[in-house]
Amino acid sequence: MRKQTIIDLLAAGRVANLPSVVSNVLLGCGLGMFLRNSGQDPVFLFPCLAGCFLYVGGCFYNDWADRKWDAENRPERAIPSQRLKPLAMLLASLALMCLGVVCAFVIGTGALFIAGWIVASILVYTWIHKKTAWGVLPMGLCRALLYPLGFVAQKWDPNSWSNHFQILGLREGTEDKAELAPKGMSYDSEVWFQTQTVSIFAVGLLLYVAGLSLFARAESKPVVPQLNRVLGILFMSLVVIGHSHFLVFEFPAWSALSLVPFLVLLITGILAMKKSVGKGVSLLLANICLVDFIFALPLAIGFMQWDFALTTSQALVFPLVSFGGFLLALLLQKIAPAT
């Protein structure tokens, strides 16, 4: 296989964005461990594989579906220039998405359901994204569902105390779980609490990606339209609320510290667009890892300080993967473009 073909495949699969895919899924896993089973028996491999297969397969499918538009507007891309064959890309995309669904099936029914929604979001996005700016929503949904994918992969032990009790206890000045029992939640309300919590994180990521996509839609233009810029900045900023809300009262200093890298890269990426929209978009794509870092660092502190079945090194996996994924994404962007 020629070097150019490898680069074309890496670019078509947006491989530079895979570190953020893994980071997204892993944060969902961490949230699931926090709320569902006190960190026991974590499941990482198959949800991460499912997320990566679905992501690359979706990118291949998107490039195949856009081949006619690219032939007129981006003839230098791999499929219009015949460096990659359309049929091969279609078959590869379907095979990869099937592999992602199989990995989700191995995890369980919940993960299979989420994978099905990701595939549906990929198809809807591919169908409408060239027709309307509303295409940024299914694009964001593809990403947002990676959190629930990791979340539902973690085994739920309904007989164990919800860690929500522990947070409640810290806020009310007691750690006595027996005392908290009457204030605790029924099975149904516990399900609702878990669903509500992971949904807030997912909506935050959806808004960030939707805002980023508003900038990316202007990548072929000399400047970003004013409306795209205003809405993009607004949407990407809202993720701070969703990702900080859960543990900010328990660890205010760590929560504030975890925001710094994200805000620095957000500002840097927006300013970079004055010279190159593509460069700015690439930085904001890498910044998705630092979106996860906003919660991953306080989460690790919670794992270490509270009664969880994790060692310090295991707890630190979450912020290290998020921050390390950001650095790796920047490195991979030097090999193949992220957009």
Full working for side chain to side chain contact (heavy atoms under 4.5 Å, CB included) between T312 and F303: CA-CA 8 Å; T312 298; F303 277 141; over 6 Å; no
Stepwise side chain to side chain contact (heavy atoms under 4.5 Å, CB included) test for R143 and V21: CA-CA 8 Å; R143 276 284 187 164; V21 172; 3.8 Å; yes
Intermediate values then yes/no, side chain to side chain contact (heavy atoms under 4.5 Å, CB included), Y61 and M89: CA-CA 7 Å; Y61 182 75; M89 290 296 287; over 6 Å; no
Trace of the side chain to side chain contact (heavy atoms under 4.5 Å, CB included) decision for M33 with D41: CA-CA 9 Å; M33 292 162 62; D41 304 319; over 6 Å; no
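Of the possible donor and acceptor atoms, one in the side chain of T311 sits under 3.5 Å from a partner among the backbone N and O of Q314. Using a distance-only test at 3.5 Å, with no hydrogens or angles considered, no donor-acceptor pair links the side chain of Q154 to the main chain of R36. A distance-only check finds no donor-acceptor pair linking the side chain of N228 to the backbone of V224 [under 3.5 Å]. Side-chain N or O atoms of R14 include none that pairs as donor or acceptor with a backbone N or O of A336 at under 3.5 Å. In this structure a side-chain-to-backbone donor-acceptor pair under 3.5 Å is present from Q333 to S282. Distance alone, capped at 3.5 Å, places no donor-acceptor pair between the S93 side chain and the F60 backbone. Although no hydrogens or angles enter the test, the distance criterion places no donor-acceptor pair under 3.5 Å between the side chain of N62 and the main chain of T126. Under a 3.5 Å cut-off, the side chain of S276 and the backbone N or O of M273 do not form any donor-acceptor pair.
One distance of note links CG of L290 with OG of S23; it measures 8.5 Å at 0.5 Å rounding. Atom CG of L96 is separated from atom CG of L91 by 11.0 Å, given to the nearest 0.5 angstrom. Remark: L149 CG to C48 SG distance equals 8.5 Å, nearest 0.5 Å. Summarising the geometry, atom CG belonging to L271 is positioned 13.5 Å from atom NZ belonging to K279; distances are rounded to the nearest 0.5 Å.
Residues C29 and V43 are not in side-chain contact: their nearest non-hydrogen atoms beyond the backbone lie 4.5 Å or more apart. The shortest side-chain heavy-atom distance between Y208 and F235 does not fall under the 4.5 Å cut-off. Looking at heavy atoms from C-beta onward, I270 lies out of side-chain contact with I267 at the 4.5 angstrom threshold. Between P261 and F293, the closest side-chain pair of non-hydrogen atoms falls below 4.5 Å. The closest side-chain heavy-atom distance from L141 to Y125 is not below 4.5 Å. Under the 4.5 Å side-chain criterion, counting only non-hydrogen atoms from C-beta, L284 is in contact with L266.
When the side chains of ILVMFWY residues are joined at heavy-atom separations under 4.5 Å, either directly or via intervening members, L94 and W64 end up in a single hydrophobic cluster. Tracing side-chain contacts under 4.5 Å through hydrophobic residues (I, L, V, M, F, W, Y), one reaches L99 starting from F44; they form part of the same cluster.
Side-chain atoms of N24 and Y55 include no donor-acceptor pair closer than 3.5 Å. Side-chain N/O atoms of S244 and S255 include no donor and acceptor closer than 3.5 Å. Between the side chains of D292 and H243, no donor N or O sits under 3.5 Å from an acceptor N or O.
For D63 and R74, the salt-bridge test fails: no basic side-chain N is under 4.0 Å from an acidic carboxylate O.
Below 30°, between 30° and 60°, or above 60°: for F246 and F34 the angle between ring planes is above 60°, a perpendicular geometry.
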